[in-house]
Amino acid sequence: MTDLQREALRKRMEEVEAKIAAACARAGRPRADVTLIAVSKSVSAEIASYLPELGVLELGESRPQELWHKAAIVPKTVHWHLIGHLQRNKIERTLPLVSMIHSVDSARLLSALEEEAAKQGRTISVLLEVNVSREEQKHGFAPDELLELAERVAVLKNVVVNGLMTMAALGEDAEKSRGAFAELRRLRDQLSRQIMPPHDMNHLSMGMSGDFEVAIEEGATFVRIGSVLFETLSAES
Ligand SMILES: *Cc1c(COP(=O)(O)O)cnc(C)c1O
């Protein structure tokens with residue numbers, strides 16, 4: 001990694017941090033309510049390895065294989081978040097590497113995770129992915145499906161559900177995501193009346209490069225940011 005790349009990344013981080021802080025202030029929320037996850041899928045393990053020096057310890061990957069690869073190289077101080085679809089045959093190898101799975105998108109996956117987590121003698125924190133925009137090609141529970149999950153969640157012992165995740169429809173206009181984020185928050189409020197400890201609905205993982213400020217205004221506790229941090233970074237060398 002060149003000095004120019006380091007400098008560029010440090011500057012991008014500062015810009016993103018300032019925007020997160022401003023969005024929190026607008027929403028009357030403490031900055032500590034929101035955790036930035038740097039989504040490293042577009043950069044090398046070498047660049048990802050520089051993030052801890054910038055104070056970023058929460059890293060996200062959407063593909064399990066890419067997460068396996070980077071987790072072997074990036075300093076062990078980071079916590080990995082899987083934010084993309086997890087196939088059941090990749091659970092065994094992924095589980096020991098991650099601190100949270102944001103993308104649990106079926107009841108079958110919940111059961112398979114429960115079984116493997118028990119086998120590995122650990123608990124795993126997960127979020128339920130919701131297809132709020134009801135797009136055919138997207139993973140995630142439909143909103144009405146989600147409201148029938150409480151009983152299935154109640155029997156989980158090694159999987160702890162801590163909230164919801166969504167991806168808003170892609171577009172240039174961040175305001176277009178606001179409705180989806182607000183709906184995720186309403187679903188969370190509804191579900192939190194049915195979910196009992198150790199499970200809770202404390203987290204909302206929503207907001208990416210194009211719409212994270214709106215997501216924070218609507219209650220995001222995790223924002224997943226890739227391109228505004230890393231785009232064209234390789235051109236800085
Ligand atoms: C890639 C990805 C992100 C980051 O998107 P950017 O627009 O690059 O910030 C966030 N969440 C998920 C699930 C992703 O796959």
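Read the numbers this way: they start at 1 and go in the same order the structure lists the ligands and their atoms.
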| said: I'd like to know if the side chain of His79 reaches the main chain of Leu59, judged simply by a donor and an acceptor atom lying under 3.5 Å from each other, with no hydrogens or angles considered. | reply: no
| remark: Ranked by distance from atom 15 (O) of ligand 1, the top protein heavy atom is Lys41 NZ, 2.7 Å
| field | Nearest neighbour in protein (non-hydrogen) for atom 11 (N) of ligand 1 | value | Arg224 NE, 2.9 Å
| remark: For Ser227, the atoms of ligand 1 under 4.0 Å from one of its heavy atoms are 6 (P), 7 (O), 8 (O), 9 (O)
| said: For atom 10 (C) of ligand 1, what's the nearest protein heavy-atom neighbour? Residue, atom name and distance, please. | reply: Met208 SD, 3.3 Å
| field | For atom 12 (C) of ligand 1, closest protein heavy-atom neighbour | value | Ile83 CD1, 3.4 Å
| Closest non-hydrogen protein atom to atom 9 (O) of ligand 1, residue and atom name please, with distance? | Ser209 OG, 2.5 Å
| request: Would you kindly check if the NZ (Lys) or CZ (Arg) of Arg12 is within the cone defined by 45 degrees around the ring axis of Phe230 and under 6.0 Å from the six-membered ring centre? | output: no
| Below 4.0 angstrom, N of the basic side chain to O of the carboxylate: do Lys90 and Glu116 qualify? | no
| message | Out of all atoms in ligand 1, which are within 4.0 Å of some heavy atom of Gly226? Include the element for each. | response | 4 (C), 6 (P), 8 (O), 9 (O)
| task | Give the numbers and elements of all ligand 1 atoms closer than 4.0 Å to a heavy atom of Ile225. | result | 9 (O)
| query | Under 4.5 Å between any side-chain heavy atoms of Met167 and His139, yes or no? | reply | no
| field | Ion pair check, Arg178 and Glu175, cut-off under 4.0 Å | value | yes
| Under-4.0 Å salt bridge between Glu66 and Lys41 | no
